[in-house]
Amino acid sequence: MSTTVKNLAMDGVNDVADRPLDQKTLNSDVMSMISLPGKVWWTIFILDLVVLGVALALVRNLIVHGWGVSGFMRPVMWAVDITNFVFWVGIAHCGTLVSAVLFLFRSHFRRAVYRLAEAMTVFGVLTAAMFPAIHTGRPWFDYWLFPYPNQRQLWTNVRSPLEWDVFAVNTYLTVSSIFFLVGLIPDVAACRDRAKHPIMKLLYTVISFGWTGANYQWKHFYGAYLFFAALATPLVFSVHSVVSWDFAMAQTPGWHSTLFAPYFVAGAIFSGVGMVIFLLVIVRKAYNMQHIVTIDHMEKLAKLVLLTSCMVGYSYLTEFFMAWYGPNKAERDVFWFRATGHYWWAFWIMFSCNVVFPMLLWMKSFRRNMTALLVLSIFVNIGMWFERFVIIVTSLTRSLNPANWFYYKISITECALIAGSFAWFFMFFLIFLRVLPSFSIAEIKETLPMPKRRGH
Amino acid sequence: MLNKLLDGLLNPPPPKFHGVMGIWYYVDDAADAVKMLREAGHKNLNVFSPVPHHEIEHALEQGPSLVRWVTAVGGFLGATGGFALCYYSISSWPLVIGGKELFSLPPFTVIGYESMILIAGLSNLLGMLALARLPQLKQVAPYDPRFQEDRIGIWVPCDAATAARLESMMKGHGAEEVQVHA
Amino acid sequence: MSDSVVFNRRDFLKLVGIGVAGAAAGCAKPPAEKLIPYLNAPEDILPGVAYFYSSTCRECPVGCGIVVKTREARAIKIEGNPEHPIGMGGLCARGQAGLQGLYDPDRVKSPMMKQGNAWKAVTWDEAITTVTAKLAEAKGKVLLVTGNETGSFRSLAGEFVAGAGGQHVMYEPFAYESVRAANAKTFGIGSVPRYDIGAARCVVSFGADFLETFAAPTNQARGFAAMRTKHDDGAGHFVAVEPRLSLTGANADEWVAVRPGGEMALALGMAHVILAEGLGSGVDAGLVSAFTPEAVANSTDVPAETIQRLARMFAKHRPSLAIAGGIATQSAEGTALVAAVNLLNFVVGNIGATVKFDRPLSFDGVASFAQFKTHIDAMAAGDVGLMFVHGANPAYATPKWAGFAAAAAKVPFKVSFTGVLDETAELCDLILPSTHALESWGDAESAGGVHSLQQASMRPVTVFNARPVGDVLIALGKAAGFGAAWPDAYFDYLKARWQPLHARYGAGRDFETFWLDVVKKGGVWEDAATPAVRWTGAPAFAAPQYTGTGDFSLLIAPSSHLYDGRGANKPWLQETPDMTAKAVWGSWAEIHPETAAKLGVKNGDALEVATDAGKAQLPAYLYAGIRKDVVAVSLGQGHTAFGRYAKDRGVNALDFVAQATDAASGALAYQGSKARLAKGTKAMPLYLQQAEKDQHDREIAQVIPVAALLAGAVGVGHAAEGHAVEGAHGAAKFPGHYPAGFGVHEPAEAMTRPGKFTEPLARPDSFQTPAHAITAYESKEKARSPRQNPVDVGSYKHAKHRWAMSIDLNTCTGCAACVVACYAENNIPVVGPELIKKGREMAWIRIDRFEEKLAPGANDVRFVPMMCQHCGDAPCEMVCPVYATYHNPEGLNAQIYNRCVGTRYCSNNCPYKVRAFNWFDYAAPEKTTFAFPEPLNWQLNPDVTVRSKGVMEKCTMCIQRILDGKGHAKDEKRELTDGEFTTACAQSCPTQAITFGDLADPEAQVHLKSFGERRYWVFEDLHTKPGVTYLQKIQRDSMSEGHA
């Protein structure tokens, strides 16, 4: 029952996956990743924790002395904090997209990659959620943003886009985590059966809910899974639309645009897929999983990047067209300032990384070249971070009243916030790699030909 | 010490079962066996497999999962709850915001919508766990790790008398091995 | 006295004085023994109730009437005394900042004796004994240096030096010597006249910064406002003749960029035209025969036709007014300039009409710089054995070459009565700290016939062991044996001095009653008769020559906030931006952009300014409102002592002043030095509070041409258009109250684009617009008029008022008095230069300066006081997730500090960017960012929260005052009356440009103004329905005036 032939057929230009793959080896291959980490892993992990520690020290400063330690000022009262928030929410969007939307579309290449993408989603939301929390002037009162009954009848303002954020982001965090954990159940059951270390065994036993693979379990599992997908799909779009409305609902020139919701969703998927590619290229190489995540899978993801890149590029052009075509002089000023003003470099980094470079993906050879994809995915994420930075900072800098036009200057604190957010994300991700099956055994197994005595 | 404790926790003394467990490799054989066994009147059998197989599902004549209804109810409650929260929070203490009317639908819709998804998702989870009898704390049938790899198991609870007959029937339908628990 | 627990007689009498004053002022209360919250309160004082004391401002030589607000026996706010003829209720920024002089943390805490280079605290008794001994030694060689003293203290000082044997000299850096000299020469009256700008129909200023520091700015500002509101038949023009456009000049319709020193020639040229064309008379035309327009044009760079035009305009719009003053008159030929301008005024008959000598400012006794120099020389020659200094800081306020420091070194013993350790005190041997003016009794003859009383509004701040200088002089006199005639306390001396005034103005009252009335009213003033003035002859007319090497003329101007430097220790004044450069906390050199380009200097770059007298490095400020051959530096900075806020900031411009005086008057020639400019290497930063001064067509500051105004066109072209439903809301409540053209309109007509969502809701006739929704606003874009019903449930149903404000840009001169008033009223922290530069200013109201046209000729600089607009449809409210900001039932945009989480979204969504965020914990004493070091925190207004870290704050329209007013009305069971209370900014405004009130009251001033012509709203197309209505500035075209 080897699928060697099949795999050879899908071979790419630069990595050969000629390992046989059947039901048994699939289990062992995937679970081979779950082992005591080696030197490399530990080095990366420790480094990661150091960065995180430094960042947390500066965050402590931020809270003790106030946001004055940052470079923020009037009129730019948001900058890196919200930039990071939107960036990580965006990253988080790919996972649910791949697992839910593609599930509904029955496009099977998702099966190989969705576990990793979902893990990325959950960790991405966890990272994103930190920023609204610490960016407030008095973080210790953040709980006031939640509508909880209190004797003073103080409720939250449901008309504020920030309040929508509270609902959207928390819903997204909950649902995507459930989705992630439910999908894990059968695989974790498999791990449970193999686990040697008692603590690991306990962990797996607990989160596998005593799964045995019985027919009635499968029945309801897939029954529910379908609905998770059905719920998560609109959620993906709604969440980033809501995030975009943080800006679109304000009348600040450069923010006040009906384009924002689709524009942001496209951007989110763009950056998310970029991040997935980045992680996959490394993981499949490091753990030698080319036979599970094949070149074809990678190419399909690359096509997704190309698609969203075009959508994002179209949005940029539309924005400029509307500014030029519309009656609002302030708006025109802002966009002219974006491209040519004090932060021109940020704009052009964004534009080249998000619109120009991805056009290389029209070439098949490029799409199937892992090194190329790795580099591009890094560019994509840099570009998308700067997109949010440009949208937020340039618009605020050129606010309506010229009397207080001041330029925002980034400070060490914000740099720490950026580095820290990545450290925080990768801390979770590194642990995930070592503890949970990074690829969905059950779903990939479904793609394998089933042993039949009579054949077809 | 700790390990011993965990060991006791994870490997309890195996419970006693009464029935026959047959293990298949080939899917079509297993499906036939299921059909045959059900025709023989053993409706209360269980099938264990690493992945769901349509043939077996057909043989079992499974209907669609009921979890959808739980989810629907949850979604409905979530939406109403969201709108209710908006309405109540504003009417309990009316504050003029930006010169707008107190009750405006668009913002309520966002809140109601997100609440709907949230509650629907949660009820979907609970529904699934309940219907699939998860978490399963005590075994309902003998279990074999190979069920998570590539083997299919069919468990028919029965008394010692029928056990022998079932064993031979399973063997006859291509079971790799048959375990009799009597 | 604060150290004495038992009352001695002096205290007792003072107590009575204040007590009765309080009674007369409608509130009786003895001063607190200690300025701490009462443990057991005196029976007749109500904690939480404010008490007001009339007094006299001593922050500049003029002496406006003030009212000091005290709470729990602490002075917390200074406002103008509406009854006083000089200030007329307004009070400038400097006057209000007096509080920070009172609570200056760097005030001397006790008498100090210099030992070596260190100061050692001594007791008052030791100090008195020491000085007494010195008095005996220095018999006949005593010198008492003070600032301008016009009341009882002057006579006491006179008697003191008479007894001790010596002289009393009053030194003021700006003593208007040339004005006095010229008036003496031309009219035979050697004093500073009263410029009745309000009576003028056209004003030409020859370098006089009469809205900033010259003469009595507050008074003149009020007159200026009156003058500027006239716009019939081309009246109300104001032309500024100066090489550098000052803040005053920025208010002009036309800027005549005369060559430095050419002002005199220009004035005479105008006079020549007037006489030649027979438009005026009174002097022999031969006086000015030399000054033909052509000749003048050569020496002033002003085209001949301009001169003729100005002359004709000046003669046509009578009574007109030409003012020579400010720095222009501080040149080697200052007297000649003033004389020339006097002549110009005389020939068109302005003397007596707009230039009045009925109430001359009291500068008569002030020494000219030359006179003071002789004293310095005497000191240097060792002819002074003992020097007392009080209220003057010559060590700082005289040029280095005057050699005051060196001379002082020759004086064996020097005593300073200063409150703060300033440069002069540093030179002294003994400090006898004197109480602040707000803590001590005194009086002043602010102007001829205006006798102002300076009442002690509180007991001296306990942390400072200071005594009133009067008491100390008396004590010294008695100890030295020549003061037997004096009473023990200066208070009694003062009171005795008022006996003759009682005789004159008593009007039958016995003295005590009279005294009470005086204390209550703040003084007595008579309307002195205007003396007949005739032309008594002119001095020789000669233009000042600029001496020294260099291609640039140096212009040194007093700072409108720091004046001659005595304001530099007040953080409010340092933080309030200079209204020309919009820079704070330092000094800079203003040069023309083209000059800068030649030098390769950019804004803020280091620039080396050098004269023969001295050189220094300053940041350059590129200013189009200055001649290309001129460099300007402001006075007031560069202190080497004078407390933490003043020390080591910027450069003292006096170091540049070359050695020259005006022979005719003895004035120091601030003007007259050539300067050399070079690209500098390193200078202090330029801390700009507003970098961008172009409003990018955002229509923030709007103007309306006179023609349009006369034609009846109204603001923003509303006239023809229909009106939005919100207009109808207000009208529905007050039918018929709206001025013609602004009343109710058929909703149908209001719509340009009919449709389901653009037609207004049909409302029942009984519909009443709730107060909070009343607005003067009219949207230009009618189709976007909102459909929704204004909320009228809960507390929104019963509210009666809609608080609103109207700001008249035509009379706003950009003096920034409102800014300081707001700082004082609302406990706004001062954050210092670095944060200001970063854009973290905390001010709730700021004056945005927009330079539309900044070049010789027609001038268009606009000032916009910008504070929270209290929008009806506030963008900030919609985005706050926790309701920390919302629209309150009386139409205010309320900010709830203790609910604020600090998401800062509101600020991002505020189009006016008037919200200030607490980036640091400015109120936490343990933090380095603490803004109120003891005892500055004593000034904090108990009615206003001190905000904590991480919350957003902004203008509240002084809601504490609103509540106070409503409370009083309720207690007295009556309705509120318009104008019975107002906001701090509106109260302080010298020109009354700000009007606050209830928009729902159709008779209220604010209502009439908000619905009057010229009204507009900033960013009105955003449909925020602001509660602040601006009135367009009237734009006059003086260039079209006076053509032949």
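As the structure is a prediction and not an experimental result, all values here were calculated from the model. Below, read A as the first sequence line, B as the second, and so on, with proteins coming before strands; counting in each chain starts at 1. Reckoned from all heavy atoms, side chains included, excluding hydrogens, waters and symmetry mates.
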Test side chain to side chain contact (heavy atoms under 4.5 Å, CB included) applied to Val882(C) and Phe141(A), step by step
CA-CA 11 Å; Val882(C) 292; Phe141(A) 287 136; over 6 Å; no
Proximity breakdown for Arg849(C) and chain A, heavy-atom pairs closer than 4.5 Å:
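Neither; nothing under 4.5 Å.
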Work out which heavy atom in Arg904(C) is nearest to a heavy atom in Asp81(A); give both atom names and the distance.
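Minimum heavy-atom separation between Arg904(C) and Asp81(A): NH2-OD2, 3.1 Å.
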Chain C contact via Trp140(A) - side chain, backbone, both or neither, heavy atoms under 4.5 Å:
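Just the side chain, heavy atoms under 4.5 Å.
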Chain A heavy atoms under 4.5 Å from Lys693(C): which part of the residue, side chain, backbone, both or neither?
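Looking at Lys693(C), nothing touches chain A.
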Region of Ala924(C) in contact with chain A, defined by heavy-atom distances below 4.5 Å
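Neither part, no heavy atoms under 4.5 Å.
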Residue pair Arg698(C) / Leu400(A): nearest heavy atoms and the distance that separates them:
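For Arg698(C) versus Leu400(A), the nearest heavy atoms are NH1-O, 2.8 Å.
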Given the options Arg74(A), Glu163(A), Met249(A), Lys409(A), which has more heavy-atom pairs under 4.5 Å with chain C than any of the others?
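So the answer, after comparing Arg74(A), Glu163(A), Met249(A), Lys409(A), is Arg74(A).
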Nearest heavy-atom neighbours spanning Phe406(A) and Leu688(C):
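Looks like CE2-O, 3.8 Å.
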Passes side chain to side chain contact (heavy atoms under 4.5 Å, CB included), Asn401(A) versus Val914(C)? Steps please.
CA-CA 10 Å; Asn401(A) 187 345; Val914(C) 288; over 6 Å; no
Identify which of Cys910(C), Ala691(C), Ser907(C), Ala884(C) forms the greatest number of heavy-atom pairs closer than 4.5 Å to chain A.
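Sorted descending by pairs with chain A, the first entry is Ser907(C).
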Considering only heavy atoms, which portion of Phe72(A) lies under 4.5 Å from any heavy atom of chain C: side chain, backbone, both, or neither?
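Both the backbone and the side chain of Phe72(A) come within 4.5 Å of chain C.
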Chain A contact via Phe1019(C) - side chain, backbone, both or neither, heavy atoms under 4.5 Å
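Side chain of Phe1019(C) only, per the 4.5 Å heavy-atom cut-off to chain A.
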Please report the interatomic distance CG(Leu154(A)) to OH(Tyr883(C)), rounded to the nearest 0.5 Å.
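One gets 10.5 Å once the value is rounded to the nearest 0.5 Å.
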Side chains of Leu835(C) and Met73(A), heavy atoms from C-beta outward: is any pair under 4.5 Å?
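In short, these two side chains do not touch, never coming nearer than 4.5 Å.
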Using side-chain heavy atoms (C-beta onward) and a distance below 4.5 Å, is Asn404(A) in contact with Gln690(C)?
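No - every pair of side-chain heavy atoms lies 4.5 Å or more apart.
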Counting neighbours of NE2 on His256(A) that are heavy atoms of other residues, nucleotides or ligands and sit closer than 6.0 Å, is the number greater than 12?
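Incorrect, the count does not exceed 12.
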Contacting region of Ile63(A) [heavy-atom separation from chain C under 4.5 Å]:
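Only the backbone of Ile63(A) comes within 4.5 Å of chain C.
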Has Trp424(A) got more than 12 heavy atoms of other residues, nucleotides or ligands less than 6.0 Å from its CH2?
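Count not over threshold, so no.
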Where do Gly68(A) and Arg840(C) come nearest, in terms of heavy atoms and distance?
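Between these two residues, the closest heavy atoms are O-NH1, 2.8 Å.
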Heavy-atom cut-off 4.5 Å, strictly under: side chain, backbone, both or neither for Pro911(C) against chain A?
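The answer is both parts of Pro911(C).
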Return yes when atom NZ of Lys602(C) has more than 12 non-hydrogen atoms of other residues, nucleotides or ligands closer than 6.0 Å, and no otherwise.
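Atom NZ in Lys602(C) is not crowded, with 12 or fewer foreign heavy atoms closer than 6.0 Å.
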Strictly distance-based, threshold 3.5 Å: is any side-chain N or O of Gln251(A) a donor or acceptor partner for the main-chain N or O of Asn909(C)?
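Looks like yes, one N/O pair under 3.5 Å.
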Taking all atoms of both residues into account, what is the closest heavy-atom pair of Val901(C) and Asp142(A), and its distance?
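Here Val901(C) and Asp142(A) meet closest at CG1-OD1, 3.7 Å.
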Would you name the heavy atoms of Glu877(C) and Asn157(A) that are closest together and state the gap between them?
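Here Glu877(C) and Asn157(A) meet closest at O-ND2, 3.6 Å.
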Let me know if Ser70(A) has heavy atoms under 4.5 Å from chain C in its side chain, its backbone, both or neither.
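Answer is both: backbone and side chain atoms of Ser70(A) are under 4.5 Å from chain C.
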Phe850(C) versus chain A, heavy atoms under 4.5 Å apart: side chain, backbone, both or neither?
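The side chain, not the backbone.
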Tell me which of these, Asp246(A), Val69(A), Asp165(A), Ile82(A), has more heavy-atom pairs under 4.5 Å with chain C than the rest.
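The residue among Asp246(A), Val69(A), Asp165(A), Ile82(A) with the greatest pair count is Asp246(A).
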When you look at His135(A) and Thr903(C), which way does the side chain to side chain contact (heavy atoms under 4.5 Å, CB included) test go after all the steps?
CA-CA 7 Å; His135(A) 103 289; Thr903(C) 66; 4.2 Å; yes
Under 4.5 Å heavy-atom distance to chain C, tell me which part of Phe146(A) shows up: side chain, backbone, both or neither.
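Neither part.
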Quick check: Tyr905(C) with Trp78(A) (ring centres under 6.0 Å apart)?
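They qualify: ring centres under 6.0 Å apart.
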Spacing of NE2 belonging to His696(C) relative to NZ belonging to Lys329(A), to within rounding of 0.5 Å:
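Those atoms lie 7.0 Å apart.
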For chain A, find which of Ala916(C), Pro881(C), Cys900(C), Ser948(C) contributes the most heavy-atom pairs closer than 4.5 angstrom.
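Counting heavy-atom pairs under 4.5 Å, the top option is Pro881(C).
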Please confirm whether Trp919(C) and His65(A) have ring centers closer than 6.0 angstrom.
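That pair fails the under 6.0 Å test.
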Using the rule given for side chain to side chain contact (heavy atoms under 4.5 Å, CB included), can you reason through Asn908(C) versus Trp255(A), listing the C-alpha separation, both sets of side-chain angles and the distance that settles it, and then say yes or no?
CA-CA 10 Å; Asn908(C) 287 345; Trp255(A) 284 7; 4.1 Å; yes
Sort Asp694(C) into side chain, backbone, both or neither according to what part of it lies under 4.5 angstrom from a heavy atom of chain A.
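Backbone of Asp694(C) only, per the 4.5 Å heavy-atom cut-off to chain A.
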Which atoms of Thr929(C) come close to chain A, meaning under 4.5 Å heavy atom to heavy atom: side chain ones, backbone ones, both, or neither?
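Neither the backbone nor the side chain of Thr929(C) comes within 4.5 Å of chain A.
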Chain C contacts, top residue of Ser395(A), Pro147(A), Ala250(A) (heavy-atom pairs, under 4.5 Å)
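Top option by heavy-atom pairs under 4.5 Å: Ala250(A).
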Quick one: which of Met952(C), Met866(C), Gln689(C) has the most heavy-atom pairs under 4.5 Å with chain A, could you say?
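Most heavy-atom pairs within the cutoff with chain A belong to Gln689(C).
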Heavy-atom contact with chain C under 4.5 Å, split by part of Ile392(A):
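Contact with chain C involves no heavy atom of Ile392(A) at all.
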Tell me if the OH atom of Tyr148(A) is crowded by more than 12 foreign heavy atoms within 6.0 Å.
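Above 12, so yes.
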Considering only heavy atoms, which portion of Lys913(C) lies under 4.5 Å from any heavy atom of chain A: side chain, backbone, both, or neither?
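For Lys913(C), the contact with chain A is made by backbone and side chain together.
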